[in-house]
Amino acid sequence: MNGAIFSKKKIIYYDVMLFEEDVMDYSDKLRIIENIVKAPLFSVVGFTMNKIIYVTTLEGVRSLWLMDISNKEKIKLAEDVSSVSNVVQGSPYLLYTRDVAKGKELHKAFIVNIESLEQYEVSSLAPRRITNGCFDGEKFAISSSTESILDLWIIKPDASAEKVYEANKLFFAVDLEGDKIVGEGLLRGDPRSQELFIFNINTGEFQVFTPKEGSTNRNPKIHDDSILFATTAFGKEKLVVMNLGNGELIEPEMSFDEYRKYEFNEYVDFDWDSNGKIWFIAVRNGRTKVFYDGKLIKLPEGFTHYFVPAGDKYYATWSSLTSPHKILEIDSKSGEVETLLGEELPNELRNLLGRSRFFTYKSFDGLEIPAFVIENGSIGKPGPTIIYVHGGPWYSVNDSWNRMIASLVASGYHLVAPNFRGSTGYGDEFRKLDIGDPGGGDLMDVVYAARWAKENNLASKIAIMGYSYGGYMTFLATVKEPDMWDAGVAGAGITDWEELYELSDALFKQFINTLFTGKRELLAERSAKSYVENLKAPLCIIHSQNDSRTPLKPVLKYVSRLLDLGKKFELHVIPDMGHVIVRVEDAVKILFPGIIFLDRELKK
Ligand code: 4NP
């Protein structure tokens, strides 16, 4: 391409006089996107031996670090890390995983000793999709999936590994202590309920437990033969403690006023500390509050992702829609909050992000749909607007940092992020509304978000954009409601659920069965492939070559149909990466083509 067309000066090009406003300035765009995605992730994992363990993307890739609290010395433990086990206070060991297949999510496990800094690869564990790893101070448990089966492994700090259980059911290890691994899963074959399991390492017994048939139970944390978990057995989600000795179920003391006042929708996370005191993060309308040992821990408005009590100090991972991730240090006596790691955005970028606001709107059937709207601080209303569709689908947009949302808004768009039916954070009844109906009611909620944006004078032109399940919704929305959109950007999307099922590993086959409640006839009915001839809006398709969750193959077939039908589209295939965006550079590769396309289609 001709370099001259990128310059901001008045230029002569093919004898045509072009002025500033006609010229797309790619370098400015790129700088904004880069500065947003470079804002590093900081995420506290735990505290042990007077050191904070944390994950950061400060150097461009997800890396595992420690910081010595006494002298603030930092040491990098590992690069290119996918996940990290919990940390046990008093033990120097932790387990982390790395993708060894260029994004295909085939992981290997590694053990690191944070005192000696020695590391070992768990060599007897063949690469597999590791879904979770946990630690009790003596041994690790992991859950994983292969092409054909899901399984549980025990791994010792000497890096020896032993498979202890396998089954073709959806289940995840959450915690372990002594001879028990506890976890969660869809263990009764009912896609709308979730049970707990207690696996006995000595006897091999896999015991399924639910306080009430049909309830959703999750995140069991074990301490001194009691498990703390969240359950909907008694209505709205509650935290309960079960004594594994006598099976007695009690509710931890939460009658304190501050807790009752907030009417939370759900819990984000919770655990025991090493003395058996409980902390939890509760969420309401996309914002959280943290409680520890019955007391509210005062933190800025936004979203706390994780909390680590460590004696005199507490540590928390915190962010908001307009403020990137930080690790906060809280003084337990004074309550004073300081930023230990992380920085604010430069002012010019912060101002572009304008303000974010939670609201609800009515969908086609009268259901109230929660959403966030973020208005760009420099364009007027109505202006070009993006309907951003989150992934999952059991996920949500909260008042927490999201580099895609921030990049879009800073690039000159208003943005509406609907938490369509099926989203988490608004109670289990709401979450379950997409089960058996993906691409049905949830799609209409997204369409009604676009109507809201038009009716409320926010949107001039309107595009739909999403990644993964959000990419799926983009493909489907642009063919089922073709007149609603001026453009669509589908990242890592799904065009054909039938082919996706055939290409999926054991975990994702179970996932699809759950989402569709086994209704195989729905797979084609809810695929954009079946309606491709309806497409009107130009489409920008961005997909990683090595994606093993939403593989590229069916998308290439869709593109071939677009070509035959003479539809307007562009296709960007990104090599050497998979579904998960691990590197800062990869985030730019995904976002830049999307934003250039949107500028062309929405701002012309
Ligand atoms: P994601 O979307 O959770 O947003 O990454 C999905 C990816 C894969 C599948 C479903 C949703 N799947 O069933 O394979």
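Small disclaimer: the values here were computed from a predicted structure and weren't measured. One-based numbering, in listed order, for ligands and for the atoms of each. In this chain, numbering begins with 1 at the start of the sequence shown.
Within 4.0 Å of ligand 1, protein heavy atoms come from Gly391, Gly392, Ser468, Tyr469, Trp497, Leu500, Phe508, Phe511, Ile512, Arg549, Thr550, His579.
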Give every donor-acceptor pair under 3.5 Å between a side-chain atom in residues 553-565 and any protein atom, sequence neighbours left out.
from   : atom 1 : to     : atom 2 : distance (Å)
Lys557 : NZ     : Glu499 : OE1    : 3.3
Lys557 : NZ     : Glu499 : OE2    : 2.9

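Defined by atom type and a distance below 3.5 Å, a donor-acceptor pair is missing between the side-chain atoms of Asp99 and Ser82.
Residues satisfying the ring-ring contact (aromatic ring centres under 6.0 Å, His included) test with Phe420, not counting sequence neighbours, are His390.
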* To do: Could you go through the salt bridge (charged side-chain N to carboxylate O under 4.0 Å, His left out) check for Glu213 and Arg188 one step at a time?
  => CA-CA 9 Å; Glu213 292 294 328; Arg188 289 275 157 86; 2.5 Å; yes
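With a 6.0 Å cutoff to the six-membered ring centre and a 45° limit on the axis angle, Arg431 counts as a cation-pi contact of Trp394.
Applying the salt bridge (Lys or Arg N to Asp or Glu O under 4.0 Å) test to residues at least two apart or on different chains, the pairs with a partner in residues 473-483 are Asp483-Lys536.
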